[in-house]
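Just so we're on the same page: letters track the sequence lines, and every chain starts at 1.
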Number of protein chains: 2
Amino acid sequence: MESLQQLFGRFLALPQESQNKLESILTEKTLQKGELWIQEGEICDKIGFIERGLMRSFYYKDKKDITISFSTKGEFISSMSSFISRMPSYESAEALEICQVIEFQYDQLMPLLIEDRHVAYLYQRILEQNYIELEEHLIFSKFKSAKERYLELMETKPYIIHKASVGQIASYLDMSLETLSRIRATI
Amino acid sequence: MESLQQLFGRFLALPQESQNKLESILTEKTLQKGELWIQEGEICDKIGFIERGLMRSFYYKDKKDITISFSTKGEFISSMSSFISRMPSYESAEALEICQVIEFQYDQLMPLLIEDRHVAYLYQRILEQNYIELEEHLIFSKFKSAKERYLELMETKPYIIHKASVGQIASYLDMSLETLSRIRATI
DNA sequence: CAAGATTATTGATCAAAGGCAAAAAATCAG
DNA sequence: CTGATTTTTTGCCTTTGATCAATAATCTTG
């Protein structure tokens, strides 16, 4: 594992002592392709930091699964609303390929937030980051045509194409898989 | 003004000292109907707490204005992404009726976050709350039909009907104003 | 209160994307 | 390698809601 310093570098610089505290509570986990990391219906008690691999968050609508987001190396992943509210998660998360994830447990992280204001600030930054990404996605999905949404995804996250199915990508882009297939045919 | 204790009661109980600090930096403002409170293009340097009245956040797409959210008594309002990122806001906010708003300025609030962990926690809670609401709206708007979206709004925020125009509500519900008008005719 | 302006409703038509079904291609297992 | 399964593509038809246009209702203001 790289140092936490490197890992979180893009978020903020943590004092050594805070890093040590975080390191004392983290656990590393390897996920196999297809492995479920967050299970719908359970209270999500962890935040993950992806060191390697691509993950997908999704939920079930009728019997189809709908992709909420893709998360990759260098990003945090959780069912934030469940983690925050302590209610059962309506979303699941799975590994789309072999993944390496650093986990922080709610019960261990929360005391640290109270004890160490640098860690609290890190958490604040994660929340802020998540908020902004969610807002961008909302606007993105609301005000672009099907084709524009696909093109933008190609632009920003091209690596997803090879690892997720047409159906998984289509539901993320809020269109049917047939529509996505047709769009791809025109490009 | 009621005490901050009462105001923030639904969020959390603050120690008296933290309340005093917050009270020392807040300012109260009365907004006239139609008055702009956040201006698109400017960096949003404040968070408001609505004591009275109904407000609307929106932005411009082509030349039409699109409602992002309605906020009412007991809720916080800001252009969170601008407040967080210190980038110009793409959204504006206006009063739909006479409003009473408590304002907290960025430059005064941020030092307090560092100085006082209870205030930092309040801010964390506001972020969390905003996040969850945004997520709910995303799912809400993504997976319901036009009619279902309208019915749900009626259910959860019926007071909006009398204070916002059909066009303002329609853009919030992501449909044309004609469609909303037709839906209303069938109920 | 009346004329003008704004906002809401209704009608007619159109386009984007969805649903279903079948064919084609890719992937997997033995 | 080959048959079976899954995934993707394509064709056809339908549906939802958008757009354009005209009329009706409501609000403003002199």
For DNA chain D, determine which residues of residues 169-179 of chain B have any heavy atom closer than 4.0 angstrom to one of its atoms, and list them numerically.
B:Asp174, B:Met175, B:Ser176, B:Glu178, B:Thr179
How about B:Lys73 and B:Glu51: do any of their side-chain heavy atoms sit closer than 4.5 Å?
no
Quick check: do B:Phe49 and B:Glu75 have side-chain heavy atoms less than 4.5 Å from each other?
no
Ring pair (Phe, Tyr, Trp, His ring centres under 6.0 Å) partners for B:Phe70, two or more places apart
B:Tyr172
Aromatic ring proximity A:Tyr60/A:Phe58, centre distance under 6.0 Å
yes
For B:Tyr59, what residues pass the ring pair (Phe, Tyr, Trp, His ring centres under 6.0 Å) criterion, not counting sequence neighbours?
A:Phe143, B:Tyr90
Quick check for you: to the nearest 0.5 Å, what is the distance between A:Cys99 atom SG and A:Lys29 atom NZ?
12.5 Å
Looking only at side-chain N and O atoms, does A:Ser89 offer a donor or acceptor that is under 3.5 Å from a partner on A:Glu40?
no
Whether the B:Ser92 and B:Gln39 side chains hold a donor-acceptor pair (N or O, under 3.5 Å, no angle test) is what I'd like checked.
no
Which whole-number value in Å describes the distance from B:Arg182 CZ to D:dC20 C1'?
11 Å
Please give the angle, rounded to 10 degrees, between the axes at the start and the end of the helix from C:dC1-D:dG30 to C:dG30-D:dC1, where five pairs define each axis.
50°
Would you say the side chains of B:Thr67 and B:Gln168 form a donor-acceptor pair under 3.5 Å?
no
Measure from CG on A:Leu180 to P on D:dT9 and round the result to the nearest Å.
8 Å
Note: for B:Lys64 and A:Ser165 on DNA chain D, the residue whose nearest nucleotide lies more 5' is A:Ser165
Taking only heavy atoms on the protein side, list every residue of residues 144-164 of chain A lying under 4.0 Å from any atom of DNA chain D, sorted numerically.
none
A cation-pi test, strictly: NZ or CZ of B:Arg125 under 6.0 Å from the centre of the six-membered ring of B:Phe76 and no more than 45 degrees from its axis. Yes or no?
no
Do other residues, nucleotides or ligands put more than 12 heavy atoms under 6.0 Å from the CE atom of A:Met87?
no
Span of DNA chain C, from the first to the last nucleotide whose atoms fall under 4.0 Å of chain A heavy atoms
C:dA17 to C:dC20
Heavy-atom side-chain proximity of A:Leu180 to A:Arg184 below 4.5 angstrom
yes
Measuring only between side-chain heavy atoms, which start at C-beta, is B:Arg117 closer than 4.5 Å to A:Ile114?
yes
